[in-house]
Structures are given as C-alpha cells and as structure tokens.
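Take a look at the structure set out below.
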Amino acid sequence: MADRPPFLKLSCAVQTYAWGKVGLAGEVAKLKNTDPGFSVEEEQPYAELWMGTHVKGPSVVAHPRELSGQLLSDWLKNNQWALGERVAKEFSAQLPFLFKVLSINKALSIQAHPTKSHAKQLHSSAPDKYPDPNHKPELIIALEEFEGFCGFRPFEEIQRFVSTVPELQAIAGSENTDMFTRVSATASVEERKEALKVVFTAAMTCDSEVTRAQLEGLVQRAERGTGCSDLPSQERSLLTRLHGQFPGDIGCFCVFFLNFLRLQPGESLFLAPNEPHAYLYGEVLECMACSDNVVRAGLTPKYRDKDTLCKMLTYITKTPSENKFRSQPHPGSPNVVIYDPPTPEFSVAKITIPSGTNEFILPVTTGPSIFIILSGSLELGCNSLREEVGRGSVIFLPACKEVRLYPKCKENILLFQAYCSL
C-alpha cells in the first residue's frame, strides 16, 4: 500500500490573516476543526485553508499511517506517477494548482495578478516583495452569498461618477477628469481604455493627505444621506463600510470604478491576469495556479505597488453579469457540475451525491486531484481498501485512479474536487 496508495488523506494548513472570520464563525475554522490535532482559538481570525504543496502552507499526509507526517510535496517528488505522465512533464513534476477555502469577514485588498512572464520579471527585480515567480489565474466558487469587486464597470457608469462626484474629481485632477468626461460614445475601445487608464492612475496615485481629506468629506456626505444625489444608495453603503475598515484608504474610491457583485452559492468568477478585484465578504472555494503572487494597491496593510498595478491592468469594461463564469454539467454524470476555466493548471468539479445513493463512482481524472467534503459522511473505497471520511476531510487522488464512495449518512453529500487533466 505504501508503494502506490490509491489515495492520501491530508492535514492542511490554515492562514490567520486579519480579514478572516474570528473563531468558529467561518467555514475555514469549522472545517479545520475536524482535524484531530487542531483546536480553534476563539479570538483568532481564520482566513484560508490551503490544500496543496505551496511552501507557505504545505499539506501533510495524515493517512496511510506509514506515510503520516510526510509533506505531500516530498511524497510527490518520489512518486511522480501520481501526477500522470503529461502533468508531470508539463509542470516539472509539481502539483500545478492550489485549492483553498476562504472565510472573508472584511475587504482583502484591491489587487490583480500578473501574467506568467510579468510574474518572473517582478520576482527577478524585487524578490523580497514578489517571492513567487509563477502566475496566479484563479477561480472562486461561492459557498454562501459572496460580495466582491471584479473588473471595471461599464465605461458610461464610470464617466457619470467622474462627472458628478466632486471628491473623485479632486483626487483625479481637473485636467484628467475633463478629458475623461469628453470621451464620446463613438470613441474606439482602445481610446476608452487609455482614457480610463489615465483617470484611474491619477486617482490611485493621488497624494495620501489629499486622498484622506477628500474621502473624509465624501463619507460624511454619504453618512448624512442629504446633499448626495450623486451617490446611489449602494455606493453610499459601500463607501461607509470600507472606510470603517480602512479609514482614509484610496481603495475606498474603487466603488466608482469597479463592479460590485453578489454571488449566490454555486456561482463563480474566473480572475484572469491583469484584472482588478477585491473580495469583501463571504465564504468561497478558490482554485488557482500554485502561486501566491499578488500586486496590491489599496484596502490592505500589506505592501502596495500602485504604479505596477495601474500599468498592468487591461482596462476592459464589463457589466457585473459579464464577469461571472459559467459552469457546465458533466457529460457523463448528472450529479457533477464542472468549472473549467481557460487555463491548463486546474478545473473544479462540484459533486452532489443524493441521499439514498448506495455507491457513487468519482469521474476518473487523467491527472492529480484533491477533494474536500463539505457535508455528509462516507466510506472511500479502492480495490479492497476502505477509509471513513466526512465533513472537513481532504483527500489527494493520484492520476487515473477509480475511487468509489459509499455514503454513510441520510442527507445529501457535497464535495468539491480540484484537478488537472491535460
């Protein structure tokens, strides 16, 4: 069994970033709390559960016993068969994805992720600020209602705010705002992108004291609710909320530039390189290339690189609905939904096993996979081997392994599986 185990049960790392939900308020802590060696601290924020091999939070083998305590990354170095031949060759014998659960209690940075070539450049020029040379395309799937910013608003919406909100005009500068508001409806896509880049960069790089003063006045207007016909109720609410979390922060002005989205459970976003976004609240699954590469510009106590972020963005404008990513039913299983973004490192399957099911065969993947059980309990079987698992269990499956699931509960079972199949 130790030579070629059909599956590995994992113990996974948690990240205690300040924006996480405190104690047992979030899914990250609740799921990790099923680990026998872990106990939740009531006052500690629990932000992310990492499932994979990234050095900042590597998973450890918990079962089988003879492999217990070994890093998954070390085991894979000595067992490259588990990645599958094509994945091992394409990704230098590394697990190509990182799978996460996030419990978001407050905003976590206006940010974007660089392309692969740009990531290498940033790492080479500033390894202390950008220690990871890989790119980070990522997919998020809502587990509960999720709120966030994603992509630039439609151009006309931004124009309306720039032309009517005096505090926004003050931080962007009169010359830039006049130019931006004069861009006509017949201007080319590239002309609009360039105009948006100019006004957004001017706003984001405004002097911090000017920003703070203008933001304080803006928030006072929003809180009074009078004399603010230029501020719709959604923007007023977001402004006061974000300013309460990050007083005086330039990121608060992004309510006028970026789409505000709410995702319902099962809805998703794919965040391609160079697209601005920020998570504001909720519980989500996240899958990405194995990287922690982030360029930040606001709503964060971490290092900010406004110039780099403003230069790298695409400045594509879309509606909120156009930013949502669509899942597809699995062609061979009515109980499986596939999220298959345009990147080779990963896909994600949502698997629902109805109550009353006696046996369920997981669709076989030609590359490695990791799945987490979010509800229910079952017996995991391959050949004559059986292992009881339940909510919070995280399992690594080698490439091409057929695994059968035997439900041991009366309710539906829900699990999500990240995988790479080339």
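Here the structure is a predicted model, which is why all the values come from computation and not from measurement.
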Please list, chain by chain and in numerical order, all residues satisfying side-chain contact (heavy atoms from CB on, under 4.5 Å) with Ser375, sequence neighbours excluded. Leu414
Close side-chain approach of His243 to Leu215, heavy-atom, < 4.5 Å: yes
Please test Glu156 against Arg192 for side-chain contact (heavy atoms from CB on, under 4.5 Å), starting from the C-alpha separation and ending with a verdict. CA-CA 10 Å; Glu156 290 74 16; Arg192 288 184 163 212; 2.8 Å; yes
Quick one, Ser233 and Arg236 - any side-chain contact, counting heavy atoms below 4.5 Å? yes
Could you verify whether a donor N or O on one side chain and an acceptor N or O on the other, from His277 and Asn323, lie under 3.5 Å apart? no
By side-chain contact (heavy atoms from CB on, under 4.5 Å) - contacts of Ala142 (at least two apart): Phe146, Leu263
What heavy-atom pair brings Phe200 and Cys254 nearest, and what distance separates the two atoms? CE1-SG, 4.2 Å
In Glu147, Glu235, Glu223, the residue satisfying salt bridge (Lys or Arg N to Asp or Glu O under 4.0 Å) with Arg241 is Glu147
Going by the angle between their ring planes, with limits at 30° and 60°, are Tyr130 and Tyr303 parallel, tilted or perpendicular? perpendicular
Between Ile353 and Asn412, is a side-chain contact (heavy atoms from CB on, under 4.5 Å) present by the stated rule, with each step listed? CA-CA 6 Å; Ile353 305 174; Asn412 291 348; over 6 Å; no
Ring-face cation contact, Phe246 with Lys106, 6.0 Å cut, 45° max: yes
Would you call Pro232 and Phe161 a side-chain contact if the rule is heavy atoms closer than 4.5 Å? yes
Heavy atoms only: give me the nearest Leu242-Ala107 pair and the separation to one decimal. CD2-CB, 3.9 Å
Atom CG in Leu168, atom CG in Leu231: separation rounded to 0.5 Å? 10.0 Å
Set of salt bridge (Lys or Arg N to Asp or Glu O under 4.0 Å) partners for Lys56, sequence neighbours left out: Asp292
For the residue pair Phe253 and Val165, establish whether any side-chain heavy-atom pair is separated by less than 4.5 Å. no
May I have the step-by-step check of side chain to side chain donor-acceptor pair (under 3.5 Å) for His118 and Asn274, ending in yes or no? CA-CA 10 Å; His118 192 197; Asn274 301 332; 4.8 Å; no
Closest heavy-atom pair and its distance - Asn259, Pro320: OD1-CD, 3.3 Å
What orientation do Tyr46 and Phe38 show, parallel under 30°, tilted 30 to 60°, or perpendicular over 60°? perpendicular
Least distance between heavy atoms, Pro398 atom then Pro5 atom: CG-O, 3.7 Å
Pairs touching residues 398-422 that satisfy ring-ring contact (aromatic ring centres under 6.0 Å, His included), sequence neighbours left out: none
Using a strict threshold of under 4.0 Å (side-chain N to carboxylate O), is an ion pair present between Glu157 and Arg153? yes
First locate atom CD of Glu145, then atom OH of Tyr281, and finally report the distance between them rounded to the nearest 0.5 Å. 10.0 Å
Whether over 12 other heavy atoms sit under 6.0 Å from Arg86 CZ: no
Where do Ile250 and Ala297 come nearest, in terms of heavy atoms and distance? CG2-O, 3.7 Å
In terms of ring plane angle, is the pair Phe325 and Phe270 parallel, tilted or perpendicular, where the classes change at 30° and 60°? tilted
Taking atom CD of Glu42 as the centre, report whether more than 12 heavy atoms of other residues, nucleotides or ligands fall under 6.0 Å from it. no
Test Val394 against every option in Leu31, Val389, Ile370, Leu8 by the side chain to side chain contact (heavy atoms under 4.5 Å, CB included) rule and name the one that passes. Ile370
Excluding sequence neighbours, so at least two apart, what forms side chain to side chain donor-acceptor pair (under 3.5 Å) with Lys116? none
The side chain to side chain contact (heavy atoms under 4.5 Å, CB included) partner of Leu280 among Leu238, Ile104, Leu108, Leu261 is Leu238
Quick one, Asp35 with Ser11, criterion side chain to side chain donor-acceptor pair (under 3.5 Å). Give me CA distance, side-chain angles, the key distance, then yes/no. CA-CA 7 Å; Asp35 190 326; Ser11 177; 2.7 Å; yes
Is there side-chain contact between His113 and Met288, with heavy atoms separated by less than 4.5 Å? no
Calculate, to the nearest 0.5 Å, the distance between atoms CZ and CZ belonging to Phe260 and Phe149 respectively. 7.0 Å
So how far is it from Ile140 CD1 to Leu269 CG, rounded to the nearest 0.5 Å? 4.5 Å
Glu402 atom CD, neighbour heavy-atom count above 12 within 6.0 Å: yes
Closest heavy-atom pair and its distance - Ala399, Thr366: CB-O, 3.4 Å
Is there side-chain contact between Leu271 and Cys150, with at least one heavy-atom pair below 4.5 Å? yes
Would you indicate whether Asp128, at its atom CG, is surrounded by more than 12 heavy atoms from other residues, nucleotides or ligands within a distance under 6.0 Å? yes
Flag the pair Ile316 / Lys318 as yes when at least one side-chain heavy-atom distance between them is below 4.5 Å, and no otherwise. yes
Return the orientation label for the His54 and Trp50 ring planes: parallel under 30°, perpendicular over 60°, tilted otherwise. perpendicular
Please step through side-chain contact (heavy atoms from CB on, under 4.5 Å) for the pair Phe256 and Val162, ending with a clear verdict. CA-CA 8 Å; Phe256 302 118; Val162 170; over 6 Å; no
Once rounded to the nearest 0.5 Å, what's the spacing between atom SG of Cys252 and atom CD of Glu167? 13.0 Å
Glu275 versus Thr314, side-chain donor and acceptor atoms under 3.5 Å: yes
Side-chain donor-acceptor pairs of residues 88-101 under 3.5 Å, sequence neighbours excluded:
from	atom 1	to	atom 2	distance (Å)
Lys100	NZ	Glu48	OE1	3.2

May I ask you to decide whether Glu27 forms a salt bridge with Arg391, counting only side-chain N to carboxylate O separations under 4.0 Å? yes
With a 4.0 Å cut-off, would you call Lys136 and Glu345 a salt bridge? no
Determine whether more than 12 heavy atoms belonging to other residues, nucleotides or ligands lie under 6.0 Å from atom NZ of Lys302. yes
Salt bridge or not for Glu190 and Lys193, using N-O below 4.0 Å? yes
Could you give me the CA-CA distance, side-chain angles and deciding distance for Lys306 and Leu309, then say whether side-chain contact (heavy atoms from CB on, under 4.5 Å) is met? CA-CA 5 Å; Lys306 296 177 185 179; Leu309 182 120; 5.8 Å; no
So, do Phe180 and Phe155 have ring centers that fall under 6.0 Å from each other? yes
So how far is it from Ile171 CD1 to Thr205 OG1, rounded to the nearest 0.5 Å? 9.0 Å
Lys120 NZ: over 12 foreign heavy atoms closer than 6.0 Å: no
